[in-house]
Amino acid sequence: MIQLAPSILSADFSQLGRSVEDIERGGAHLIHVDVMDGHFVPNISFGAAVMKSLLGRSGLPFDVHLMIEAPDRYLEDFMTEQTEYITVHQEACPHLNRTIQHIRSLGAKAGVALNPATSLSTLDYCIEDVDMVLIMSVNPGFGGQKFIPSALDKVRQLRRMADERNPGLKIEIDGGINIDNAKTVTEAGVEILVAGSSVFGTGDPEERVRSFLERIG
């Protein structure tokens, strides 16, 4: 099943609870939580307290994307009864296998994100242990960027790699995803689409989620 994970990074923070209720009514599957530290990426977003403020406002699972240095220090902070995925960047983890096992030991599914210039070969010795790989289709750090087309070839290669070594692996994509390219990325092998400004920047997130799901259904 193809899933949509709207990113609250693009939501109206003065109405955040209402915004997640809107996307849940529209049929979204996950709440994508983009965490930035101003070090690993050149922007600062929010921490675990903002995410935890949504507990009880929506029944949707959290899909946590840590764009931060030394993520192992903060994994426990983002673990709640609604946390389904915690994703770290390969580029930020000198001991990636240990970080993956740490996430799993907390009870979450482990994801690894790859920046646009990072090779799939960096997953050679851990792909069997990962639940999800997040392909960045923009350079992380800011919302509203344009989609990098080479991400499609990367997704196709990853799908072949996963089919051979970890058939249950989920492929997620993040960056520049909109109504116009949603079908193209799912046809390449993506199963979870992250969409930020193209959902929350429309004035009617609930209806935009429905439109996304009709396009990729």
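Side chains included, hydrogens not; waters and symmetry mates left out as well; all remaining heavy atoms used. Start at 1 with the first residue, then count along the sequence.
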Decide whether Gln101 and His95 meet the rule of one side-chain donor and one side-chain acceptor closer than 3.5 Å.
-> no
Flag the pair Asp153 and Arg156 as a salt bridge only when some basic side-chain nitrogen lies within less than 4.0 angstrom of an acidic carboxylate oxygen.
-> yes
Is it true that the side chains of Thr99 and Asp72 contain a donor and an acceptor less than 3.5 Å apart?
-> yes
Without swapping roles, check the side chain of Ser197 against the backbone of Ser10 for a donor-acceptor pair under 3.5 Å.
-> no
Would Asp77 and Lys52 pass as an ion pair if we require N to O under 4.0 Å?
-> no
Residue pair Phe200 / Ile23, side-chain heavy-atom distance below 4.5 Å | yes
Could Glu214 and Arg210 be called an ion pair, given the rule that one side-chain N must be under 4.0 Å from one carboxylate O?
-> no
Candidate list Thr186, Ile179, Ile2, test side-chain contact (heavy atoms from CB on, under 4.5 Å), partner Arg215, passing option | Ile179
Using a strict cut-off of less than 4.0 Å between a Lys/Arg side-chain nitrogen and an Asp/Glu carboxylate oxygen, indicate whether Asp204 and Arg208 qualify as a salt bridge.
-> no
Does His65 offer a backbone N or O that forms a donor-acceptor pair with the side chain of Thr87 under 3.5 Å?
-> no
Hydrophobic cluster mates of Val138, side-chain heavy atoms under 4.5 angstrom, ILVMFWY only, any path?
-> Leu134, Met136
Check: Leu114 main-chain N/O paired with Thr118 side-chain donor or acceptor under 3.5 Å = no
Do the side chain of Gln82 and the main chain of Ser58 share a donor and acceptor less than 3.5 angstrom apart?
-> yes
